[in-house]
Amino acid sequence: MKYAHIVGWGSYRPDKILTNNDLARMVDTSDEWIFTRTGIRERRIASERETTATLAFEAAARALVVADMHPSQVDLIIVATSTPEYIFPATASRVQDYLGATRAGAFDLSAACSGFVYGLSMAAQSIQSGAVRNAVVIGAETMSRVLDWEDRGTCILFGDGAGAVVLKGSSIPGGVLASTLRSDGSGGDMLSLPAVYHNPMPMLGPEYLRNGHQKNTVAMNGRQVFRFATQVVADSIEETVLKAGLTMDEVALIVPHQANVRIIETAAKRLRVPVERFYMNVESMGNTSAASIPIALCDAVSEGRLRPDDNVVFVGFGGGLTWAASVLKWDVTPPEVSLPRREWRRARYIVARTRSKLKKWRRKIIDTVAGSPTPNARMRDADKKQ
Ligand code: COA
C-alpha cells in the first residue's frame with residue numbers, strides 16, 4: 001500500500017498591496033464596509049510582468065526546495081486555476097518548462113476555489129495507485145485580470161497569489177487519509193467567469209461581441225454564494241473526517257478556503273468547533289481562489305500552527321458549484337536546506353530556461369534549414385508515395 005505525504009510547501013505573493021482604502025478611491029465602498037462583511041483589509045495584485053504561470057512557478061520552486069527534491073524527480077504537475085493565460089498550452093506545462101521537470105506530465109484543473117483540494121485528491125490517488133511517485137499540486141491565480149473594477153460587489157473580494165505542495169509516495173502510513181469531492185452544476189450561474197469566446201447572446205451573432213457587449217469578468221450573486229458556502233463547509237468537513245476514521249476532536253487544524261471570515265465563523269458554529277482551530281489569513285490576502293488554501297497552509301506552517309502527527313483538514317468551495325475536503329496526517333518534518341544549497345537550486349532554473357530557449361531556437365533552425373511540411377502536406381506526400 002502506498003501513502004501520499006506532503007513533503008514540501010511554498011507560496012508566492014506579488015509585492016503590490018491594494019488596501020480597502022485604495023479601493024474606496026476606485027468604487028463607492030469603505031474599509032469599514034468591506035472589513036465587517038468579509039474580514040478583508042488588503043490583497044495582493046500581480047505586476048504587469050507576472051502571470052499565473054510565473055506565480056505558480058515561484059510557489060512550486062519554493063516547495064521543491066523544502067522537499068529537497070530535484071525537478072526531474074517530479075512525475076506529475078497539476079495547476080488548479082481559473083485564470084490561465086491560455087486555454088492551451090496549460091499553465092501546468094509552462095510551469096513544467098520553467099522548472100525543467102523533464103519527466104513530468106502536466107495539466108490544469110478547473111474547479112474554481114475548490115481546485116486545489118480536487119488537485120490534491122487526484123495527485124494523492126495517482127500516488128496511492130502506484131501510477132506516479134511524486135507530484136506537485138499548485139493553486140495559482142491572477143484574479144485581478146478577470147475582475148470588473150467598477151463592480152463593488154466583486155472587485156473588493158479577490159486577490160492574486162500562488163501556493164504549492166509536493167506529494168511523495170511512501171510505505172509509511174499517513175499523508176492524505178480521505179477526500180470528498182462534490183459538485184452542483186445547477187448553481188453555476190451563482191458565481192461565473194465566461195470564457196473569452198463565449199457569446200452570451202448567440203442569437204445576435206458575432207456582431208454582439210464585436211460591439212463590446214461581452215464581459216469576461218467574474219459575476220456573482222453574493223448572498224446565494226454565502227448561503228451555499230455556509231452549508232457545504234461544515235457538512236463536507238464532517239463527512240471527510242468520518243471517512244478518515246477520525247473524530248472532530250482529533251483534528252488539530254482546519255485550513256479552509258479563504259473567502260470570508262463570516263463563512264468560516266458560521267461553519268465553526270455548525271461544527272461546534274472553536275473558531276481558533278480554523279486558520280485564517282483572509283485579512284491580508286483576500287480571496288485568491290484556488291491559491292488560498294496552499295498559501296494559508298504555508299502561513300500556518302511558518303507560524304508554527306502545525307506539529308508532526310497533527311491531523312489537518314483542507315476544505316474548499318466555490319464556482320461550479322464545487323466543494324471538496326481532504327483530511328491529512330501532517331507527519332513530515334522538512335530537512336534543513338543550507339543557504340548555498342538553496343541558491344544552487346535557484347541556479348538550476350536558469351539552466352532550465354536556457355535549455356527551453358535552446359530547444360525553441362533548434363526548432364526554428366530546423367524549420368528554416370530543412371523546411372517543415374504541414375501535417376496536410378505530409379499526408380499528401382504519403383498519399384503520392386502509395
Ligand atoms: N461597498 C459598499 N456597499 C456595497 C458593496 C461595497 N463593496 N457591495 C455591495 N454593497 C451594497 C449593496 O449595493 C447593497 O445596497 P442596497 O441595500 O442599497 O441595495 C448593500 O450593500 C447590501 O448588499 P448585499 O449584497 O446584500 O451585501 P451582503 O451583506 O450580502 O454582503 C458580500 C455582500 C459579497 C460581502 C457577501 O454576500 C458575501 O461575502 N458573499 C459570499 C461571497 C464569496 O465569498 N464569494 C466567493 C466564494 S468562493
Side-chain angles (χ1 to χ4, degrees), residues 18-43 80-83 109-119 139-144 146-161 163 181-185 187-193 217-237 255-268 278 280-283 285-296 314-325:
L18 185 73
T19 65
N20 290 349
N21 287 325
D22 294 332
L23 276 166
R25 286 188 282 274
M26 295 158 63
V27 287
D28 183 12
T29 190
S30 67
D31 175 51
E32 198 261 332
W33 193 98
I34 299 172
F35 187 69
T36 50
R37 295 281 204 304
T38 66
I40 300 168
R41 283 260 189 235
E42 58 188 43
R43 67 287 293 141
T81 186
S82 300
T83 48
L109 189 153
S110 167
C113 305
S114 316
F116 177 77
V117 184
Y118 267 67
E141 304 283 10
T142 44
M143 295 302 290
S144 61
V146 294
L147 294 174
D148 176 352
W149 288 100
E150 289 175 2
D151 175 13
R152 65 178 182 171
T154 52
C155 76
I156 55 144
L157 298 175
F158 298 94
D160 301 339
L181 312 182
R182 295 277 188 276
S183 171
D184 175 7
D189 57 351
M190 278 157 58
L191 183 53
S192 61
L193 172 59
T217 50
V218 171
M220 182 183 73
N221 182 324
R223 277 188 208 171
Q224 285 186 14
V225 171
F226 192 94
R227 217 170 299 128
F228 146 74
T230 50
Q231 278 161 13
V232 298
V233 170
D235 292 353
S236 57
I237 292 175
V255 184
H257 168 46
Q258 307 287 313
N260 185 313
V261 167
R262 289 191 301 142
I263 291 175
I264 296 169
E265 286 170 350
T266 312
F278 283 76
M280 287 191 251
N281 68 356
V282 67
E283 184 172 344
M285 288 303 292
N287 179 344
T288 54
S289 191
S292 90
I293 294 176
I295 294 175
F314 298 152
V315 59
F317 54 88
L321 300 168
T322 54
W323 60 104

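Both ligands and their constituent atoms are indexed starting at 1 by order of listing.
- Atom 20 (C) of ligand 1 is not flagged as protein-proximal [any protein heavy atom, distance under 4.0 Å].
- Annotation: side chain of Arg43 is not in contact with side chain of Phe158 (no heavy-atom distance under 4.5 Å).
- Atom 16 (P) of ligand 1 is not flagged as protein-proximal [any protein heavy atom, distance under 4.0 Å].
- Looking only at side-chain heavy atoms (C-beta outward), Leu191 and Gln224 stay at 4.5 Å or farther from each other.
- Under a 4.0 Å criterion applied to the non-hydrogen atoms of Ala259, ligand 1 contributes the atoms 44 (O).
- Near Ile156, with a cut-off below 4.0 Å to any heavy atom, the atoms of ligand 1 are 7 (N).
- For atom 42 (C) of ligand 1, the closest non-hydrogen atom on the protein side is Met220 SD, 3.7 Å.
- Within the structure, the closest approach of Thr154 to ligand 1 does not fall below 4.0 Å when heavy atoms are considered.
- Side-chain atoms of Thr142 never come within 3.5 Å of backbone atoms of Asp160 as a donor-acceptor pair (strictly under, hydrogens ignored).
- At least one donor-acceptor pair under 3.5 Å links the side chain of Trp149 to the backbone N or O of Ser144.
- Here the side chain of Glu42 pairs no donor or acceptor atom with the backbone of Thr19 at under 3.5 angstrom.
- The closest side-chain heavy-atom distance from Phe278 to Ile237 is below 4.5 Å.
- For atom 3 (N) of ligand 1, the nearest protein heavy atom lies under 4.0 Å away.
- With hydrogens and angles ignored, the 3.5 Å screen pairs no side-chain donor or acceptor of Asp148 with any backbone N or O of Cys155.
- Residue-ligand proximity, Asp28 to ligand 1, at heavy-atom distances under 4.0 Å covers atoms 1 (N), 2 (C).
- Across every non-hydrogen atom of Leu181 and Val117, the tightest pair is CD2-O, 4.4 Å.
- At distances below 3.5 Å, at least one donor-acceptor pair connects side-chain atoms of Thr322 with backbone N or O atoms of Ala111.
- Of the heavy atoms in Asn287, only side-chain atoms (C-beta onward) come closer than 4.0 Å to ligand 1.
- The residue among Gln224, Met190, Arg223 with a heavy atom at the shortest distance from atom 23 (O) of ligand 1 is Arg223.
- The ligand atoms of ligand 1 that sit less than 4.0 angstrom from a heavy atom of Val225 are 43 (C), 45 (N), 47 (C).
- For ligand 1 and Phe317, the ligand atoms under 4.0 Å from any heavy atom of the residue are 48 (S).
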Item to complete: Output, in order, the C-alpha distance, side-chain angles, deciding distance and verdict of side-chain contact (heavy atoms from CB on, under 4.5 Å) for Leu321 and Met190.
Response: CA-CA 8 Å; Leu321 300 168; Met190 278 157 58; 3.8 Å; yes

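- Between the side chain of Tyr118 and the main chain of Arg182, a donor-acceptor pair closer than 3.5 Å is present.
- Contact annotation: for Asn260 versus ligand 1, heavy atoms closer than 4.0 Å belong to the side chain alone.
- For the pair Ser30 and ligand 1, the shortest N or O to N or O distance does not fall below 3.5 Å.
- Proximity to His257 (heavy-atom distance under 4.0 Å) selects the following atoms of ligand 1: 48 (S).
- For atom 29 (O) of ligand 1, a protein heavy-atom neighbour is found at a distance under 4.0 Å.
- Of the candidates Glu32, Arg262, Arg37, it is Arg262 that places a heavy atom closest to atom 36 (C) of ligand 1.
- Here Asp31 pairs with Arg41 in a salt bridge; the nearest charged N to carboxylate O distance falls below 4.0 Å.
- The shortest contact between atom 33 (C) of ligand 1 and any protein heavy atom is with Trp33 CH2, 3.8 Å.
- Looking only at distances, no side-chain donor or acceptor of Ser292 sits under 3.5 Å from a matching main-chain atom of Thr288.
- Any N or O atom pair closer than 3.5 Å counts here, and Gly222 shares at least one such pair with ligand 1.
- Looking only at protein heavy atoms, the nearest one to atom 1 (N) of ligand 1 is Thr29 OG1, 2.7 Å.
- Atom 14 (C) of ligand 1 has as its closest protein heavy atom Arg152 NH2, 4.7 Å.
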